[in-house]
> 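I have a structure I would like to understand better, so I am pasting it below and will then ask my questions one at a time.
All chains are named by letter (A, B, ...) in the order of the sequence lines, taking the proteins before the strands, and each is independently numbered beginning at 1.
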Amino acid sequence: MTTPFLDANFALNVALLLMLLAIALAVVRTRSLLAAILLMGVYSFVVAAWLMVMDAADVAFTEAVVGAGISTIVLLGAILLTHGEVVRVNWRLQVVPAILVLVVGGVLIYAAGGLPNFGDPASPANSHVGRIYLETTYGDIGAPNVVTAVLASYRGFDTLGETTVIFAACVGVALMLGFGPRVDTAPTVDVMGDHHVVLRVISKMLIPLIVLFALYVQFHGDLGAGGGFQAGVIMAVAVILHAMIFGLGETTKAFRPGVMRSISAFGVVLYTGVGIVCLVNGGGFLDYDFLFTPQVEAMIPPGLLGDPDKPHHWGQHFGILFIELGVLLTVASTMVSIFYGFAGRTIEAIKAERGS
Amino acid sequence: MADALHWVGGGLVAIGAIWSIMGAVGVLRFPDVYTRIHAASLTDTGGATLMLLGMAFLAEPGIVTLKLFFVWAFVMLTTPTASNALASAAYSSGHRPRIGNFEFMRGNDSPEAATKGESRP
Amino acid sequence: MLVAAGVAGLVVAMALMIVRAIVGPSHYDRILAANSIGTKTVLLIALIGFLFGRPAFLDVALVYALINFVATIALMKFFRYRTLASPLTAAPEKEHKNG
Amino acid sequence: MSWLASHFNYVIVVALMMAGLFIVFSSGNLIKRMIGLALFQSSTGLFYISLSKVSGATAAITLDAGSVDGKALASQLDPAYVQQFGVDGVVYANPLPHVLILTAIVVGVATLAVGLAIAVRVREAYGTVEADEIEALSRVTAEQAEPAR
């Protein structure tokens, strides 16, 4: 039971965690919803930095992209549609929850005493299953990024389930908010002339770069930090930025909501299709070693990826690439159609339509 | 030669950190939003330039230096844009800067005098 | 050694910004603090990559630098136009007059 | 003191979890509760990653020990530690919790969006997002339906 190294890493970890605690207490205490949303934005920034300290590069990537891009905008969209009044709170209501929370917290902290020391390399979690994956992944799959290899290949079926959950969320939000009269996207009349030249020019420069970066993240997912989930969210952020700058009308012309929903479905179909091809070729469902029949495998030039004499697992490489593409399509189109749902809905028109 | 670069890089990173701390202190102490925006965005871009330059010295030339350049270019593009958007939003929704409100200088530091210029959003 | 000092300084700066984010009387202070913490996180992530010996992780800092201002724009549109859908293009001259 | 050093992360994770739980219990506003749930969910993510941390390790992306980074990393640790816990010359963090939390974050945002969509529809139907007002309104509508039979 080695005690943790008390080095710069641990000091950073303690500092960032204390910041997180301060922000969380501020979120509890604040009475205005908007302040809570802004604090949650800051919270996700600090969590991303903390994840980098914890050597979790892929998770930091995801938290960064999701926290900075999607969750603030979705919460803002919800506040817009519910006219975020300030929360009215009387303290008598808070006494019972406070006691309950303290009791549950005390029990949990008492139980946490039995957990292995922080950063202990010999802890059960780190010494058995974790090590086996670290040792065998490069041999089986040949992808340097163990996290993507496990996510896409060893645990491919689970990730298919998660992609389907994201597709279900897309259908759910689209059904609830996606239909009905859309907000009129006439350009807003500015009292003091046009202030947004700076924004338009910078966004016009950055949107293609964001999309290009999303593709970079997607295709080097198994070499460095990256993968389908992160790439999908980055792609969605590019579309959302376009919608915020050039108006929802323009963006819905370019990315029609119907097409977005079908692309979300197509991502899951692509993912399952790769599994079925492996099944047809005699392997198990989603077993990428059987993705290519021997004749096809012979046609792939050995030097395609890296030095030719190393044993290559072409099926694994391309299998991971295809299903990450499926995940990219589903995640990107889901986030975009969620944004369409929240940004496009208008309560006045619906009230008028319902006559209530 | 190598550790000279190392020291120069480390020095630049340290100066960048001090720059950021100055900015943070500025954001805490300035009276109203516009001076705070000014303090924050200036020291952000300044600190970022110093630190990224310092890191460029630390890293061996290659893909890492290229990525550092891209990070610097995007920070230079986005931070001023965000501050511009923020300032124009604040101004257009009625948040007036506090100009010439010198009561707090003459000693009667009453909260009423301090917030005379700043209308609640 | 100096890089560690740089990281420590940056963390102190972030802590001060978080104080502004929590205290900030008006919402604009909070947006300002959020945006500034975003930029500082970009630097912190890049520095952490250097301090712990994996400078190849600059992609995370790169993506942050790119996406950081999207939330600020959304907040700007929230405060100014009370909608996320309206285009930020200049209103055509005619409509501008009687707007 | 050493207990706190070795279990500091878990105490903070429990504190964040309780903060999220408190928001969900005490606040009437549906959107504030969603934020509390998001806080609660992210604290479970922190817990998993705290479990996966190995002191002196680097991220779970295979790195050959001979490279510049590999040598720099190995030089900071004593060889016996690297030999015992490292995989061919480099000590890695445990990759499995990273995989779980990576997808959990994205799924978390998707479910947050569905929850907020429901809150918006509740707002459109009842005109309010405060739980107690909704309950009062639903009781009123129930009574109106009751005598109608």
Side-chain angles (χ1 to χ4, degrees), chain B residues 6-7 9-25 27-28 32-34 36-37 40-41 43-45 47-48 51-52 54-55 58-60 63-64 67-68 70-79 81-83 85-90 92-93 95 115 118 120-121, chain C residues 1-20 23-29 31-33 35-40 42-47 49-50 55-59 61-73 75-81 88:
Chain B
H6 185 74
W7 282 108
L12 279 173
V13 165
I15 295 169
I18 295 166
W19 204 282
S20 301
I21 292 179
M22 282 194 290
V25 168
V27 165
L28 279 181
D32 76 338
V33 179
Y34 295 97
R36 289 180 198 138
I37 292 177
S41 67
T43 50
D44 272 349
T45 40
M51 279 202 174
L52 291 167
M55 279 188 261
L58 286 172
E60 64 278 4
I63 183 80
V64 174
K67 281 185 187 174
L68 281 171
F70 278 135
V71 171
W72 175 77
F74 292 142
V75 167
M76 281 302 140
L77 276 178
T78 52
T79 315
T81 321
S83 309
L86 180 58
S88 76
S92 65
S93 62
H95 203 87
T115 57
E118 200 166 349
R120 289 289 131 218
Chain C
M1 229 312 280
L2 280 172
V3 175
V7 168
L10 208 55
V11 167
V12 166
M14 270 175 83
L16 295 174
M17 275 306 173
I18 282 178
V19 167
R20 173 53 63 197
V23 163
S26 73
H27 289 311
Y28 303 110
D29 300 311
I31 307 173
L32 165 69
N35 184 32
S36 177
I37 287 174
T39 319
K40 290 191 173 31
V42 167
L43 296 175
L44 189 60
I45 289 178
L47 272 174
F50 273 84
F57 288 163
L58 284 172
D59 299 352
L62 196 57
V63 84
Y64 240 154
L66 267 174
I67 290 179
N68 197 348
F69 77 120
V70 173
T72 312
I73 291 181
L75 287 161
M76 186 270 283
K77 286 191 77 171
F78 176 86
F79 275 101
R80 192 161 180 177
Y81 303 115
L88 294 179

> Can you check whether L2(C) reaches H6(B) side chain to side chain, under 4.5 Å on heavy atoms?
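SC-SC contact between L2(C) and H6(B) ruled out.
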
> Just how far is it from atom CG of D59(C) to atom CZ of F70(B), taken to the nearest 0.5 Å?
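D59(C) CG to F70(B) CZ: 11.5 Å, rounded to 0.5 Å.
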
> Any side-chain heavy-atom pair from V12(C) and I21(B) closer than 4.5 angstrom?
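They are in side-chain contact.
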
> Work out which heavy atom in Y28(C) is nearest to a heavy atom in A89(B); give both atom names and the distance.
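The pair with the smallest heavy-atom distance is OH-O, 4.1 Å.
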
> For W7(B), which atoms come within 4.5 Å of any heavy atom of chain C: side chain, backbone, both, or neither?
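Contact with chain C is through both the backbone and side chain of W7(B).
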
> List in chain and number order the residues that pass side chain to side chain donor-acceptor pair (under 3.5 Å) with S36(C), two or more places apart in sequence or in another chain; answer none if no residue qualifies.
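With neighbours one apart ignored, the set is D44(B), K40(C).
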
> In the structure I gave you, are the side-chain heavy atoms of Y64(C) and V75(B) within less than 4.5 Å of one another anywhere?
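No, too far: nothing below the 4.5 Å cut-off.
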
> Under a 4.5 Å cutoff for heavy-atom pairs, which residue among S83(B), A24(B), A87(B) has the most contacts with chain C?
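That would be A24(B).
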
> Which atom pair, heavy atoms only, marks the closest approach of F74(B) to A65(C)?
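What the structure gives for the nearest pair is CB-CB, 3.9 Å.
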
> Identify which of G49(C), A46(C), A71(C) forms the greatest number of heavy-atom pairs closer than 4.5 Å to chain B.
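The candidate making the most pairs under 4.5 Å is A46(C).
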
> Measure the CZ-NZ distance between F57(C) and K67(B) for me, rounded to the nearest 0.5 Å.
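Reported value, rounded in 0.5 Å steps: 9.5 Å.
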
> When rounded to the nearest 0.5 angstrom, what is the spacing between CE in M51(B) and CG in L44(C)?
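Between M51(B) CE and L44(C) CG, I get 8.5 Å after rounding to 0.5 Å.
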
> Find the one option among L47(C), V3(C), V23(C) whose heavy-atom pairs under 4.5 Å with chain B are most numerous.
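The option with the most such pairs is L47(C).
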
> Ignoring hydrogens, what is the shortest heavy-atom contact between M55(B) and L43(C)? Give both atom names and the distance.
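Looking at all heavy atoms of both residues, the shortest contact is CE-O, 4.4 Å.
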
> So which of V7(C), L16(C), T72(C) has the biggest tally of heavy-atom pairs under 4.5 Å with chain B?
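Greatest number of close heavy-atom pairs with chain B: L16(C).
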
> What's the spacing between L86(B) CG and F79(C) CZ if we round to 0.5 Å?
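One gets 9.0 Å once the value is rounded to the nearest 0.5 Å.
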
> Would you call V19(C) and L28(B) a side-chain contact if the rule is heavy atoms closer than 4.5 Å?
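Yes, close enough: below the 4.5 Å cut-off.
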
> Just one of V71(B), L52(B), T79(B), T78(B) clears the side-chain contact (heavy atoms from CB on, under 4.5 Å) bar with V42(C), so which one?
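Single side-chain contact (heavy atoms from CB on, under 4.5 Å) partner of V42(C) among V71(B), L52(B), T79(B), T78(B): V71(B).
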
> Let me know if L75(C) has heavy atoms under 4.5 Å from chain B in its side chain, its backbone, both or neither.
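Contact with chain B involves no heavy atom of L75(C) at all.
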
> Using the side-chain contact (heavy atoms from CB on, under 4.5 Å) rule, pick out the option among N35(C), L32(C), I31(C) that qualifies with I37(B).
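Option passing the side-chain contact (heavy atoms from CB on, under 4.5 Å) with I37(B): L32(C).
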
> Using heavy-atom distances under 4.5 Å, tell me whether I15(B) contacts chain C through its side chain, its backbone, both, or neither.
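Nothing of I15(B), per the 4.5 Å heavy-atom cut-off to chain C.
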
